[in-house]
*Asks:* 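One structure follows; several queries about it will come next.
We count ligands from 1, going down the list as the structure has it; atoms in each ligand are counted the same way. Predicted, not measured: the structure shown is a model, and the values here were computed from it. Values below: every heavy atom of this structure, side chains too, minus hydrogens, waters and symmetry copies. Residue numbers run from 1 in the order of the sequence given.
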Amino acid sequence: MAGKVVAILGATGVVGRQMMDVLEERDFPVERLVPLASARSAGKKLPFRGGEVEVVEATPEAFEGVDIVLGAAGDAQARELMPEAVARGAVCVDNSHAFRLDADVPLVIPEINASDIATHKGIISNPNCATIIGLVALWPLHQVAGMQRVVVSTYQAASGAGKPGLDELVRELGCVVAGEDVGETSPFAYQLANNLIPQIGGFDADAYTSEEVKFGNEGRKICHLPDLRVSCTCVRVPVMRSHSESITVEFDRPISPDEARAALASAPGVKLVDDPAALAYPMPLDAADQDLILVGRVRRDLSAPEGVHALSLWCCGDQVRKGAATNAVQIAEHLV
Ligand SMILES: NC(=O)c1ccc[n+]([C@@H]2O[C@H](COP(=O)([O-])OP(=O)(O)OC[C@H]3O[C@@H](n4cnc5c(N)ncnc54)[C@H](OP(=O)(O)O)[C@@H]3O)[C@@H](O)[C@H]2O)c1
């Protein structure tokens, strides 16, 4: 396979560093890696394939000769620089929110809608991390019974807020026991250690946060289900890595917990961990540093009215890997 010149926009961040590891692990055909970040990081050395690569400031000219860009920076940098990369002939797989809902940008989870990749016009978006984790778990059940309505609560790790989030939780766990001690560079409004923060992003007129509306808006696009109804509550939890989700889902047709477990057991990207008698259920520590979405606690929703086919379940996934870096590299693999 011909090697590609691959740039990572945001190479020094949590997702960017993980992308470099995933490219290496999956033996992606990288002829040359171009790590891009802010001017602050220019000249910094990052490990790659047993050697080192030097970080370059992300300017439009830095994309000359680049075949594939993996985006791991914020919305503003993506909006400014991805079109510059496309104008220079690159195809971009972007992790930010910037283009996800644009009509001409495919939004892709390869286990669900890999065929949408072919429709790209230079930019492909990676979905929100909580959306990826939840939908990889729900998609096999949708194939059996057709999902109609999803009620989901997420328990999102500190590293979901990038390096500043991770650094803040490490700092707090080291020195903060109680009180209102929030570090100067903390991305969180309140202390996270010993706490839960039921806000990720700003609030809209319906009192949902920006993170909460992503699950529905992105899920409808990825699954090609314009009528899918979703209510989501997102909570930041003092976990370093891996998001967890409690999901109740209503279906068009009956589906038993055993049928659901059978579908999950053979689904790509999923590992069924569901043996309550043996205390086997998904937990973020077990989901970290690997790519499968762990799904368990599958059970009938006892509150569902007569005639409503509903299940509840619990899932965990490494949001830096499958929720970001691995999903992006999987999309890039389809490109080559
Ligand atoms: N963390 C997650 O779990 C996760 C999951 C899914 C999606 N995402 C998305 O992935 C993206 C990256 O998130 P992250 O968590 O990796 O954030 P992060 O750790 O804060 O890293 C941000 C990266 O962006 C770079 N950057 C900042 N300003 C820049 C500029 N003006 N020009 C070029 N590069 C600049 C930073 O470079 P410097 O080091 O030079 O500042 C750094 O490499 C975000 O869009 C985020 O929403 C994150």
*Asks:* Mind listing the side-chain donor-acceptor pairs of residues 144-152 below 3.5 Å, one per line with the distance, residues two or more places apart or on another chain?
*Replies:*
| from | atom 1 | to | atom 2 | distance (Å) |
| --- | --- | --- | --- | --- |
| Gln148 | NE2 | Asp252 | OD1 | 2.9 |
| Arg149 | NH1 | Glu250 | OE2 | 2.8 |

*Asks:* Name all residues meeting the side chain to side chain contact (heavy atoms under 4.5 Å, CB included) criterion together with Asp286; count only those two or more places apart in sequence or in a different chain, and write none if there are none.
*Replies:* Met283, Leu294
*Asks:* With the 4.5 Å side-chain cut-off for hydrophobic clustering, are Val86 and Phe63 part of the same group?
*Replies:* yes
*Asks:* Would you tabulate the polar-atom pairs, meaning N/O of ligand 1 against N/O of the protein, with distances under 3.5 Å, reported to 0.1 Å?
*Replies:*
| from | atom 1 | to | atom 2 | distance (Å) |
| --- | --- | --- | --- | --- |
| ligand 1 | 1 (N) | Ser159 | O | 2.9 |
| ligand 1 | 3 (O) | Gln319 | NE2 | 3.1 |
| ligand 1 | 15 (O) | Gly162 | N | 3.4 |
| ligand 1 | 16 (O) | Val14 | N | 3.2 |
| ligand 1 | 16 (O) | Val15 | N | 2.8 |
| ligand 1 | 19 (O) | Val14 | N | 3.0 |
| ligand 1 | 19 (O) | Lys163 | N | 2.9 |
| ligand 1 | 34 (N) | Ser38 | N | 3.4 |
| ligand 1 | 37 (O) | Thr12 | OG1 | 3.1 |
| ligand 1 | 39 (O) | Thr12 | OG1 | 2.5 |
| ligand 1 | 39 (O) | Ser41 | OG | 3.2 |
| ligand 1 | 40 (O) | Ser38 | N | 3.2 |
| ligand 1 | 40 (O) | Ser38 | OG | 2.5 |
| ligand 1 | 40 (O) | Ser41 | OG | 2.5 |
| ligand 1 | 41 (O) | Arg40 | NH2 | 2.8 |
| ligand 1 | 43 (O) | Gly10 | O | 3.1 |
| ligand 1 | 43 (O) | Thr12 | N | 3.3 |
| ligand 1 | 43 (O) | Thr12 | OG1 | 2.6 |
| ligand 1 | 43 (O) | Gly13 | N | 3.0 |
| ligand 1 | 45 (O) | Ala73 | O | 2.7 |

*Asks:* Give a yes or no on whether a salt bridge exists between Lys45 and Glu54, defined as a side-chain N under 4.0 angstrom from a carboxylate O.
*Replies:*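 Counted as a salt bridge, because a side-chain N and a carboxylate O are separated by less than 4.0 Å.
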*Asks:* For residues 211-219, tabulate all N or O donor-acceptor pairs below 3.5 Å that involve a side-chain atom, not counting sequence neighbours.
*Replies:*
| from | atom 1 | to | atom 2 | distance (Å) |
| --- | --- | --- | --- | --- |
| Glu211 | OE1 | Asn128 | ND2 | 3.3 |
| Glu211 | OE1 | Lys214 | NZ | 3.3 |
| Glu211 | OE2 | Asn128 | ND2 | 3.0 |
| Glu211 | OE2 | Gln156 | NE2 | 3.0 |
| Glu212 | OE1 | Thr209 | N | 2.8 |
| Glu212 | OE1 | Thr209 | OG1 | 3.4 |
| Glu212 | OE2 | Cys234 | N | 2.8 |
| Asn217 | OD1 | Arg220 | NH2 | 3.0 |
| Asn217 | ND2 | Val213 | O | 3.4 |
| Glu218 | OE1 | Asn128 | N | 2.7 |
| Glu218 | OE2 | Arg100 | NH1 | 3.1 |

*Asks:* Does any non-hydrogen side-chain atom of Cys315 lie less than 4.5 Å from one of Ile293?
*Replies:*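 Yes, side chains in contact.
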